[in-house]
Amino acid sequence: MTVFIVRRLIQSAIVLFAMSLIVFIGVYAIGNPVEIFLSGDADQAERERVIATLGLDRPLWEQYWLFIEGAARGDLGNSFVHNRPALQLIIERMPATMELALAAMALAIVFGIPLGMYAGFRPHSALGRGIMAGSILGFSLPTFWVGLMLIMIFAVELGWLPSTGRGQTANVFGIATSLATRDGLVHVLLPAFNLALFKLSLVIRLARAGVRENMLMDYVKFARAKGLSMRRVVFVHVLKNILIPIVTVLGLELGSVIAFSVVTETIFAWPGMGKLIIDSINHLDRPVIVAYLLVTVTLFIVINLVVDVLYSVLDPRVRLADVKG
Amino acid sequence: MLNAVNDVSFTVSAGEILGLVGESGSGKTVTGFSIMGLVDPPGRIAGGRILFKGRDLVGLPENEMRRLRGARIAMIFQDPMMTLNPVLRIETQMVEAVRAHADVSADEALARARNALGRVGIPSPDERLKAYPHQFSGGMRQRVAIATALINKPDLIIADEPTTALDVTIQGQILFEVQKLCCETGTALIWITHDLSVVASLADRVCVMYAGKIVEEGSVDAILDRPAHPYTHGLIGSVPSRNHKGTPLAQIPGVMPSMLDLPGGCSFRPRCARADRACETPPGVDEIGDGRRVRCVHPLVGAPA
Ligand code: SF4
């Protein structure tokens, strides 16, 4: 296990390094940010002064080297726009995105597993069919459209829930989160549901397929032959088996929920990382873009590692061994 | 509607080992699951009675049936690789079997599990209880399944080809142990198999099934020495050890008919050498002495009354 984790950490470092190179070159290729800093009547001298302070006059490899040097010290450069460390900007926004992602995941699990299991046990019932039809919609409707509809219905027409922004926050373990206040929870509901819809459909499908497959297994029949109640067979024997694929898939999806909360955050004006990256792209704020991408990659790496460890806990057949490819 | 099993009638008493023999598809497994009340829907028991200690199990409410299952009537399955839940420890799977029926502490349940594993010859049970099924060999897993079936000291165990998936040495050991355990505890055993040689070394009495019906029943010695039904006769002829070296095995010609398309009259008619016009009406069951019964108009032994 330890060997496994060490090996993974080394691999992760290599991935991060390669990623930083690609991102750096890619962003360099997009365009020149200098124009943003200059008013229209700036003269050549002023222009050169700005270029020099931003370090844009040096060759690419040197800029990259300076960047790596800084990165090793935890400094990913200052935002051109906000003139503050890019990493700090991102970390400030991170709790908002994290809580949105976690709320979305929680919704997907809390509703997805029971609905999917029901659909698996009663595939031909009206409700079972209804659940599956709903999950198809959840897969195929575009996020931005669903988001707008949610705002129209629940915020504009019914007036039940606020349409935009993050509610009141409270500190939990030093992190300001809106999940701790009533006002915050009310605000998070719509965007979280919007973000959860796709994952919810995914969980429903996984749970349903899992139940249908596992109920036919001999171990279920043997468990029943032991005289266990149907409840124990379903909620211990079957549930534990179907959780394995669900945890794996959801864990891997958590990264994408965080990374792609961009659309939901934009629609609901949620002050998270997604909104920050969109603004930064609009302003060609290079350091923030690079820092955001690197933070996202790091998140993916950490999540994958956690999922692997979790997987080995859930499924005793999986050993995190020091095996090659 | 498809009748997988029809007109099946047999009894088994305490301490007795009954062999239920037939080719695959003859309905022997369905018979086993019917007794357990575990026929998968849409399948169901359309009629008849299953008397267990004088109580009819057919139509018993699920809750009462559940209380019998695993406690009074236990079952061992064919494939030991599939019967244990892969993600639960042996401990969990055995303890839950105890606690489903007896209101005992976790420690007491664990003690019973340890004891049961010891009885089926699993060394160092304490260590084994903590393990997961994939850490065991097939033979070991089947022992665990048998220990689980034995754990509540049932009155009847139904064993559905439990040694077929194992290699011959292990098969012999398990047969011997199961026989010993049934003797010691007075548990009745129904051993379902396609293999007559297993029955020969294990059972007291035999029921031979063909196409969903019992065609012959009697003591194991009588049936193996002097089979009355032509099908039984054919089965015995196809057991390798009973033939002289060098002579080809006597195969029963043809294949078992599909249950969807049974011939009228005796189901064995298309494959039977003794068939004639009289076999076109379904034969009834005849007593031929010695507690033997046969469903055939031209039995090889004894004349129908
Ligand atoms: S009843 Fe006739 S066909 Fe059937 S087994 Fe007996 S002899 Fe053969």
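Within every chain, numbering begins at 1; the chains are lettered A, B, ... in the order of the sequence lines, protein sequences first and strands thereafter.
When heavy atoms are compared at a cutoff of 4.5 Å, B:L38 approaches chain A by way of both its backbone and its side chain. When heavy atoms are compared at a cutoff of 4.5 Å, B:Q78 does not approach chain A at all. Contacts between A:L216 and chain B at a heavy-atom distance below 4.5 Å are absent for every atom of the residue. Interface remark: B:M75 contributes backbone and side-chain atoms alike to the contact with chain A (heavy atom separation under 4.5 Å).
Between chain A and the residues B:A100, B:P133, B:G37, B:P86, the largest count of heavy-atom pairs under 4.5 Å involves B:P86.
More than 12 non-hydrogen atoms from other residues, nucleotides or ligands lie less than 6.0 angstrom from CD of B:E184. Residue A:F121 places its CZ atom among more than 12 non-hydrogen atoms of other residues, nucleotides or ligands, all under 6.0 Å distant.
Among residues 219-242 of chain A, the residues having any heavy atom closer than 4.5 Å to a heavy atom of chain B are, in sequence order, A:Y219, A:K221, A:F222, A:R224, A:A225, A:K226, A:G227, A:L228, A:S229, A:R232, A:V236, A:H237, A:K240, A:N241. Heavy-atom neighbours of chain A within the stretch residues 142-159 of chain B, taken at a separation under 4.5 angstrom, comprise B:A145, B:T148.
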